[in-house]
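Here's the structure we're looking at; comments come further down.
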Amino acid sequence: MQVPAIHNIAQCHQVVVLIAHLENNMAPTLLADVGLPSAGRVLSIQSHTVHGYVGNKAAVFPLQILGFDVDPINSVQFSNHTGYATVKGQVLDGEQLWALIEGLEANDLLHYTHLLTGYIGSVSFLETILRVVDKLRSVNPNLIYVCDPVMGDDGKFYVKPELVPVYREKVVPVATMLTPNHFEAEQLTGRRIETEADALEACIALHAAGPSKVVITSLPINNMLTVVGSHVQSKGKAPKQFKIIVPKLHSYFTGTGDLMTALLLGWSHKFPDDLDKAAELAVSSLQAVLKNTIADYDKARALPAPKTHQLELRLIQSVNELRSPEVKFPVETI
């Protein structure tokens, strides 16, 4: 911008007004990178779908919203989740996973604060995950490993049952936080879980195996869903336990467990000694996402029963609820 020559006070005032006018109509100045740190850096190994929100598609965006850098590795890459009539795609094997880890290591890129794992379809891949845990902890001994032991739901497996002993005997002992659903908690503990007391005892059994934080994400009781959590804050002391009761929605959603685990990771980083607070925020975000999903479907529906694609989680539309959830389902300390 060329400023005219100034010969008197009046012209000086005119120049000030001109500059202010130009500044108000120019694009905002771009700020230089000030090097703000992220909340942490997460390696997330889960499934991926081109369409819809499950696995990494349900986990990466919420974690980024909460301030994390996230590096996703896709255990499978499918066109859509398996609730659709047709599924096409590829499955990553253990050797391919390890090749990616070697590539990261060669470039000194294995500095992670968290490892997050979800759906894993084979024993060989799960065995490789154990190698990944060892490798990451050789770089960062304080690595937090959050494991969602995805095996099945509603009494049915959707992975091979051979994965159960690998999870129980090898994976659970190295996990920091474990987030099984009702069915998965039964498989990992080898016991029936029918009541709140059963769930609390199952958490104690899982603590004894390794993880200091356990959240059973869905226990159906009296047409409601109960989230049961347990945190051993120091060895030798009884765990701090809690529950959160939410309404049971009579619609089938996919990706809710993946989203819940990601939110638990995110909020637990902010409240490392307050798992009940982290769970309260995670549950509130998840319920808000489900509410938005149902509301969006109700607004556009033409048929009484929703089709599969109409109940894909509305994550993008729920960005405010992911970042700053309003607590509507308070935690109850047990």
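Note that the coordinates shown come from a computational prediction; the quantities given were computed from them, not determined experimentally.
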Using the rule that two of Ile, Leu, Val, Met, Phe, Trp, Tyr join whenever any of their side-chain heavy atoms come within less than 4.5 Å, decide whether L92 and Y158 are in one cluster. yes
Donor-acceptor pairs under 3.5 angstrom involving side-chain atoms of residues 197-208: please list them, not counting sequence neighbours.
unit_1: D198; atom_1: OD1; unit_2: T195; atom_2: OG1; d: 3.4
unit_1: D198; atom_1: OD2; unit_2: E194; atom_2: N; d: 2.9
unit_1: D198; atom_1: OD2; unit_2: T195; atom_2: N; d: 3.1
unit_1: D198; atom_1: OD2; unit_2: T195; atom_2: OG1; d: 3.2
unit_1: H207; atom_1: ND1; unit_2: P211; atom_2: O; d: 2.9
unit_1: H207; atom_1: NE2; unit_2: S230; atom_2: OG; d: 2.7

Please list, chain by chain and in numerical order, all residues satisfying salt bridge (Lys or Arg N to Asp or Glu O under 4.0 Å) with [X], sequence neighbours excluded.
X	result
E321	none
K248	none
E105	K135

Here the gap from T226 atom OG1 to I244 atom CD1, rounded to the nearest 0.5 Å, amounts to 10.0 Å
About how many Å separate CD of E196 and CD of Q241, when rounded to the nearest 0.5 Å? 9.5 Å
Ignoring hydrogens and angles, write down the donor-acceptor pairs under 3.5 Å from the side chains of residues 144-157, residues two or more places apart or on other chains.
unit_1: Y145; atom_1: OH; unit_2: T117; atom_2: OG1; d: 2.8

Joining Ile, Leu, Val, Met, Phe, Trp and Tyr whenever any side-chain heavy atoms lie under 4.5 Å apart, the cluster holding M224 also takes in I245
Are side-chain heavy atoms of [X] and [Y] found at a separation under 4.5 Å?
X	Y	answer
L286	V246	no
F78	K88	no
I316	F61	yes

Between N140 and H111, is the side chain to side chain contact (heavy atoms under 4.5 Å, CB included) condition met? List the steps. CA-CA 7 Å; N140 175 17; H111 299 271; over 6 Å; no
Please check this pair: side chain of [X] against backbone of [Y], looking for a donor-acceptor N/O pair closer than 3.5 Å.
X	Y	value
H114	L43	no
S324	N320	no
R168	Q187	yes
S75	I45	no

Contacts under 3.5 angstrom, residues 327-334 side chains, donor-acceptor by atom type, not counting sequence neighbours:
none

Cut-off 3.5 Å, no hydrogens considered: what does the side-chain donor-acceptor table look like for residues 118-127, sequence neighbours left out?
unit_1: S122; atom_1: OG; unit_2: S124; atom_2: OG; d: 3.3
unit_1: S122; atom_1: OG; unit_2: F125; atom_2: N; d: 3.2
unit_1: E127; atom_1: OE2; unit_2: K170; atom_2: NZ; d: 3.0

Quick one: side-chain hydrogen bond (donor to acceptor under 3.5 Å, both in side chains) pairs with a partner in residues 53-65, sequence neighbours left out? S44-N56, N56-N74
Can you pull out every side-chain hydrogen bond (donor to acceptor under 3.5 Å, both in side chains) where at least one residue sits in residues 231-240? Sequence neighbours excluded, please. K240-D276
In residues 253-270, what donor-acceptor pairs under 3.5 Å come from side-chain atoms, sequence neighbours left out?
unit_1: T254; atom_1: OG1; unit_2: H81; atom_2: NE2; d: 3.3
unit_1: D258; atom_1: OD2; unit_2: G55; atom_2: N; d: 2.8
unit_1: T261; atom_1: OG1; unit_2: T179; atom_2: OG1; d: 2.7
unit_1: T261; atom_1: OG1; unit_2: G257; atom_2: O; d: 3.1
unit_1: S268; atom_1: OG; unit_2: L264; atom_2: O; d: 2.7
unit_1: H269; atom_1: NE2; unit_2: A39; atom_2: O; d: 2.5

Steps toward side chain to side chain contact (heavy atoms under 4.5 Å, CB included) verdict (L97, I129): CA-CA 9 Å; L97 169 60; I129 291 291; 4.0 Å; yes
List in chain and number order the residues that pass side chain to side chain contact (heavy atoms under 4.5 Å, CB included) with Q317, two or more places apart in sequence or in another chain; answer none if no residue qualifies. R314
Side chain to side chain contact (heavy atoms under 4.5 Å, CB included) between V133 and L115, worked out: CA-CA 8 Å; V133 174; L115 171 66; 3.6 Å; yes
What I want to check is whether the side chains of S318 and N292 have a donor and an acceptor closer together than 3.5 Å. yes
